[in-house]
J.: 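Let me begin by handing over the structure; questions about it come next.
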Amino acid sequence: MEREYQPQIIEQEIQEYWESKKIFKTTEDHNKPKFYCLCMFPYPSGKLHMGHVRNYTIGDVISRFMTMKGYNVLQPMGWDAFGMPAENAAIKNQLPPATWTYDNISHMRRQLKRLGFGYDWDRELATCAPNYYRWEQWLFTRMVDKGLAYRKKARVNWDPVDRTVLANEQVVDGRGWRSGALVEKRNIDQWFIRITDYADELLDDLNSVDWPEQVKTMQKNWIGRSQGVEFSFERQGTQDRLEVYTTRPDTIMGITYVAVAAQHPIAMKAAETNPDIDAFIQDCAQMSVVEADLAQAPKKGMATGEYVIHPFTGEEIPIWIANFVLMDYGSGAVMAVPGHDQRDWEFATQYNLPIRPVIRPREDDPDYDISKQAWCEKTGVTINSGQFDGLTFEQAFEAVSRNIKDKRIGRVTTKYRLRDWGVGRQRYWGCPIPVIHTDEGLKTVRDEDLPVTLPEDIVVDGSGSPLVGHSDFANTVDPDTGRPAKRETDTFDTFMESSWYYARFASAFSNDAMLDQNANYWLPVDLYIGGIEHAILHLLYARFFHKVLRDLDLVISNEPFKKLLTQGMVLKDGSKMSKSKGNTVDPQELIDQYGADTVRLFIMFAAPPELSLEWSDDGVAGAHRFLKRLHILVTEHVDQGNHSTSDMPELHELSGPARDLYRKLHETISKVTDDIGRRYHFNTAIAAVMELTNSATKFKAATESDWLVLSEVIETLVILLSPITPHISEHLWSRLGNGNSLVSMNWPTVREDALTRDTVTLAVQVNGKLRGRIQVAADTDEQMLVKIAREEPGVARFLEGMIEKKIIVVPKKIVNLVVVPK
RNA sequence: GCCGGUGUGAUGGAAUUGGUAGACAUACCGGACUUAAAAUCCGGAGAGGGAAACCUCGUGCCAGUUCGAGUCUGGCCACCGGCACCA
């Protein structure tokens, strides 16, 4: 029999077999429990990278495992096909973005097939296809009808040389990445979606999903629900009032100034008469639109010369313009309490504004020194606060907000850090926003006129969106009046497409609706797998979309993804693989050299999914060696012939080594089942399989029952490994004389009685330090155990001249003797 | 800056609920096979001390809780992810 492991031949054969039998074609089968396993779909950038291979192997391993466990598994694949890289490539290669994108898709599809992933390809979708995005356009028109979508002005990066809007990513040190021109900021009208309407639900429903705690915490903080008080100051010398929002009304008596954003009406008004202020505001307007930059920018401000009146003390308080106050959050103005807010403190220190402590810790706290930093704890009591003195945070919050309410100047409110989602992009390669500008105003495109199709035969040169000058696209007719109208030339943020593709997979064949009833058979996704970098934006937007779909009666569940598995990055030489660093590894080369199974095995073995994975060429070779050893083990076993047809003897009839091997077999089944099915720790599952393989290789079968045990071990090895290395497993499975495909096999079960042991080894500690090991019968009682432990020579030495104070026995693990000198 | 994570031998990692640190691999060293090399197989190995038996130290750093801490708590350091127009 052929002993050499020839992955290229085996893998092609097996893949042809799967394809011819349509093994991975999925239907809605109500006799089995369903399992929808989804991996975040790729952007078709050209070829698969290691991050994809890792992500999709994890999904495939779990899908194959769940199929063998008896579930009706859906595992689809598609393409997140709109986006900037296609435009960049188009400029570079003088090819339409569509051509580039579709070429990449066909190449990457081949690569996925070559890796043996069990996708239902009939459900494949590409988000740039009109029959996909037409439903997104349809959904958007419904959002407009419901008042969930609206227009408002927003700031964008404008490249004055290329005359185009730049993404944040395209702004490098304040300059356009291609032109090098200083980027300006422009305020333009854009479409927004009211995700904030769902803020409470998005926050509260986090409790109902089985997601990593860290991701839930990140989303929670991102939404940032806070309880606070909104109130207004009387402005000195005017009838106007200034509204502020604070989460710390308990510190209200410590206000020493008020700060407003540069875009606040008070600042704008002051600029009209004061050129310095005008210059300062202009300066602020040129600041980066990236929050990380804003947060780290040096604090700057200017006094307006105006004052508000403190509602309780009647004091005059100066109004400052400050670059750290955000116009988007609250009312764009804050009361500043430098004693108890670090940003206010830094600003006050810089501009010599007074700092007044109004909270004192209840016990001495070394960090409490208002002259060095603000004290921001909520654990103290109020001081210097007149009528509000001596109160805890909760009491002061209550008292101050009641007084504010009584004065009719404000109320307790809830605010969110979450902002509405700006979905308009001034770019070509995206889903057209289905709106027309008519002489009667903005109108959404009617259902029967959808989709608004993106013209694909387009030349992109980097200077603005080609849609604007594309007269066939841009010029249209108002169907109501028959008069000329202009199409919206903005396209959607590509997060729009990725916010509902999971649902479309479940309803892939529905031609006359966005989703049909099959969506509710499959949804929610039982396991969603993807990079941790999507923890906030993509996952929040998709959750939001799901709730909108639910409110339109398209789905019945509240959440799209029941369980979430976030995978770490693939690194080489300690940093992320990237072209610019020149440290990429092309999966294709490895597949060509070693085959798909080796690549899958290595990538699953090198690290648990959530950790970053350090690439190692040597490790790949090692994985390949293991498969070769397995191949030899199985083929040699087959060559020995079938040694018996008799039944497995009783456990006690087995020889010692056979009994041990048989126990190890069932320990391995137990561990691998738990590791793949519950923990998703494939590296330890593989380690366990390797151990069993090593034991099987060493085992010398002498009797008939020895052969029976070895045969069972070898068959089980092949099955246990099959989700990870499906080709070699399928191949060896048929060599072992089995007719049907491994995919339809049942997952092995554990024989509990095989796991029992007669003797156990315990560690013996003296004062917590390991001093010896003892082997005892499994049923030895505690008293006896301690007696044996004391007599163990390594232990006895440390007991001399000591008195035992305490004895701790952890069954089957440890005996700890706690002693002190006599 | 803010939010979230990670840190264990030469390397990737294991230790699942506070209970024998380093499973399983990789690299390395030694041996077998070979004219030789590769491949393969067998063996060794955390660091320091010791002839050995053994002993001491050891999970980023500093404290703490505990009979016992890689695991829990507090503080620090380094690196990574996200920060709303990259996907």
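Both backbone and side-chain heavy atoms feed into the values below; hydrogens, waters and symmetry mates do not. Protein chains get the first letters and strands the later ones, always in sequence-line order, with residue 1 at the start of each.
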J.: Please classify the nucleic acid contact of A/M84 as base, sugar-phosphate, or nothing, using heavy-atom distances under 4.0 Å.
T.: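 Touches sugar-phosphate only.
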J.: Kindly say if A/T494 contacts the phosphate of B/rA87, meaning a side-chain N or O under 4.0 Å from OP1 or OP2.
T.: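 It does, given that an N or O in the side chain of A/T494 lies less than 4.0 Å from OP1 or OP2 of B/rA87.
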J.: Taking atom C1' in both B/rU59 and B/rG22, what distance in whole Å separates the two?
T.: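 Going atom to atom, C1' in each nucleotide, I get 9 Å.
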J.: Round to the nearest Å and state the distance from A/R417 atom CZ to B/rA84 atom C1'.
T.: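 One finds 8 Å between C1' of B/rA84 and CZ of A/R417, rounded.
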J.: Using atom C1' in both nucleotides, what's the gap between B/rC86 and B/rA15 to the nearest angstrom?
T.: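 B/rC86 and B/rA15 have their C1' atoms separated by 39 Å.
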J.: Please check if atom NZ in A/K152 has more than 12 non-hydrogen atoms from other residues, nucleotides or ligands closer than 6.0 Å.
T.: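 Counting neighbours around NZ of A/K152, more than 12 heavy atoms of other residues, nucleotides or ligands fall under 6.0 Å, so yes.
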J.: Test of understanding: with salt bridge (charged side-chain N to carboxylate O under 4.0 Å, His left out), list the residues that count as partners of A/E488, not counting sequence neighbours.
T.: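 A/R151.
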J.: How many whole angstroms separate atom CD1 of A/I814 from atom P of B/rG18?
T.: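 Those two atoms, CD1 and P, are 15 Å apart.
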J.: Which part of the nucleic acid does A/L762 contact within heavy-atom distance under 4.0 Å: base, sugar-phosphate only, or nothing?
T.: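 No contact.
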J.: Quote, to the nearest angstrom, the P distance that separates B/rG7 from B/rA25.
T.: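 It works out to 23 Å between them.
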J.: Taking only residues two or more places apart in sequence, or in another chain, which ones meet A/H534 in a ring pair (Phe, Tyr, Trp, His ring centres under 6.0 Å)?
T.: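 By the ring pair (Phe, Tyr, Trp, His ring centres under 6.0 Å) rule, A/H534 matches A/H538.
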J.: Please determine, for the side chain of A/N221, which listed nucleotide (B/rC83, B/rC67, B/rG4) has the closest atom?
T.: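 It is B/rG4.
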J.: Using a distance-only test with no angle check, is there a side-chain donor-acceptor pair under 3.5 angstrom linking A/W177 and A/D159?
T.: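 The criterion, which ignores hydrogens and geometry beyond distance, is not satisfied for A/D159 and A/W177.
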J.: Any protein N or O atoms within reach of nucleotides 5-12 of chain B? Criterion: under 3.5 Å, listing atom names and distances.
T.:
{"residue": "B/rG12", "atom": "O2'", "partner": "A/A606", "partner atom": "O", "Å": "2.6"}

J.: For a quick check of understanding: with a heavy-atom distance under 4.0 Å over all strands, which category does A/G424 fall into, base, sugar-phosphate or nothing?
T.: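 Base, at least one base atom sits under 4.0 Å.
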J.: I'd like to compare against my own output: the B/S/- annotation of nucleotides 28-34 of chain B with a strict under-4.0 Å heavy-atom distance to protein.
T.: -------
J.: Taking NZ, NE, NH1 and NH2 as the nitrogens, is one of them in A/K664 or A/E691 under 4.0 Å from a carboxylate oxygen of the other?
T.: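 Here A/K664 pairs with A/E691 in a salt bridge, since their nearest N and O are under 4.0 Å apart.
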J.: At under 4.0 Å between heavy atoms, how does the protein contact nucleotides 42-58 of chain B? Give one character per nucleotide, 5' to 3', with B, S or -.
T.: ------------SSSS-
J.: Under the rule for ring pair (Phe, Tyr, Trp, His ring centres under 6.0 Å), what residues qualify as partners of A/Y416, not counting sequence neighbours?
T.: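 Listed in chain order: nothing, the list is empty.
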J.: What contact category does A/N694 fall into here, base, sugar-phosphate, or nothing, at under 4.0 angstrom with non-hydrogen atoms?
T.: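 Sugar-phosphate: the residue A/N694, judged by heavy atoms under 4.0 Å, touches backbone atoms but no base.
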J.: How is A/K812 classified with respect to the nucleic acid when contacts are heavy atoms under 4.0 Å: base, sugar-phosphate, or nothing?
T.: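 Here A/K812 touches no strand at all.
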J.: Starting the side chain at C-beta, find the nucleotide from B/rU40, B/rA84, B/rC85 nearest to A/L418.
T.: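 Among the listed nucleotides, the one closest to the side chain of A/L418 is B/rA84.
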J.: Determine which bases of RNA chain B form Watson-Crick or G-U wobble pairs with both distances under 3.5 Å, and write the result as a 5' to 3' dot-bracket string with | for other-strand partners.
T.: (((((((..(((......[....))).(((((.......))))).((((....))))..(((((..]....))))))))))))....
J.: Residues in side chain to side chain donor-acceptor pair (under 3.5 Å) with A/T489, at least two apart?
T.: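 Scan of A/T489 (side chain to side chain donor-acceptor pair (under 3.5 Å), adjacent residues dropped) gives none.
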J.: What's the closest nucleotide to the side chain of A/R679 if the choices are B/rC85, B/rA15, B/rC83?
T.: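 That would be B/rA15.
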J.: Counting only side-chain N and O atoms of A/N683, is one of them less than 4.0 Å from OP1 or OP2 of B/rA14?
T.: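 Indeed, a polar side-chain atom of A/N683 lies that close.
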J.: Would you give a per-nucleotide map of nucleotides 68-79 of chain B, 5' to 3', where B means the base has a protein non-hydrogen atom under 4.0 Å away, S means only the sugar-phosphate does, and - means neither?
T.: ------------
J.: Can you sort out the partners of A/F682 under ring pair (Phe, Tyr, Trp, His ring centres under 6.0 Å), two or more places apart, ordered by chain and number?
T.: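 Listed in chain order: nothing, the list is empty.
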J.: With RNA chain B as reference, determine whether A/E291 or A/V818 sits nearer its 5' end, using the nearest nucleotide of each.
T.: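 Upstream on the strand: A/V818.
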J.: Just to verify, what does A/T697 make a side chain to side chain donor-acceptor pair (under 3.5 Å) with, not counting sequence neighbours?
T.: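 Applying side chain to side chain donor-acceptor pair (under 3.5 Å) to A/T697 gives none.
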J.: Indicate the ring-plane relationship of A/Y133 and A/F82, choosing parallel, tilted or perpendicular according to the 30° and 60° boundaries.
T.: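 A/Y133 vs A/F82 ring planes: tilted.
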J.: Please state the P separation for the pair B/rG68 and B/rG13 - nearest whole angstrom.
T.: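 Each nucleotide's P atom is 31 Å from the other's.
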J.: Does A/K220, at its NZ atom, have more than 12 non-hydrogen atoms belonging to other residues, nucleotides or ligands within less than 6.0 Å?
T.: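 No - once you tally the heavy atoms of other residues, nucleotides and ligands closer than 6.0 Å, there are 12 at most.
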J.: Going by number, which of residues 167-179 of chain A have a non-hydrogen atom under 4.0 Å from RNA chain B?
T.: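 Listed by number, they are A/A167, A/N168, A/E169.
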J.: If you only use heavy atoms from C-beta on, which nucleotide in B/rU16, B/rC24, B/rU40 is closest to the side chain of A/K628?
T.: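 Among B/rU16, B/rC24, B/rU40, the one nearest the side chain of A/K628 is B/rU40.
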J.: Just to be sure I understand the rule, does A/W222 reach a base, reach only the sugar-phosphate, or reach nothing, if contact means heavy atoms closer than 4.0 Å?
T.: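 The residue A/W222 makes base contact.
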J.: Have a look at B/rG4 and give me syn or anti from its glycosidic angle (syn if within 90° of zero).
T.: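 Glycosidic conformation of B/rG4: anti.
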J.: Does A/Q190 get its side chain close enough to the base of B/rC85, under 3.5 Å, for a donor-acceptor pair?
T.: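 In this structure, the two groups form a donor-acceptor pair.
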J.: Checking side-chain polar atoms at under 3.5 Å, does A/D293 have a donor or acceptor matched by the opposite partner on A/S288?
T.: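 A pair is found: one side chain offers a donor N or O, the other an acceptor, under 3.5 Å apart.
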J.: Of the options B/rA14, B/rC85, B/rU26, whose atoms approach the side-chain atoms of A/R625 most closely?
T.: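 Within the option list, the nearest is B/rU26.
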J.: Roughly, in whole Å, what's the span from CG in A/L785 to P in B/rG19?
T.: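 Checked: the CG to P distance equals 18 Å.
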J.: Here's one to test your reading of the geometry: is the NZ or CZ of A/R194 within 45 degrees of the ring axis of A/Y150 and under 6.0 Å from its centre?
T.: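 Checked: cation-pi criterion met.
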J.: Hey, does the side chain of A/R773 come within less than 4.0 Å of B/rU20's phosphate (OP1/OP2), counting only N and O?
T.: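 Answer no for this pair, as no side-chain N or O of A/R773 is under 4.0 Å from OP1 or OP2.
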J.: Under a 4.0 Å threshold between the charged nitrogen and the carboxylate oxygen, would A/K628 count as salt-bridged to A/E4?
T.: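 Here A/E4 does not pair with A/K628 in a salt bridge, since their nearest N and O are not under 4.0 Å apart.
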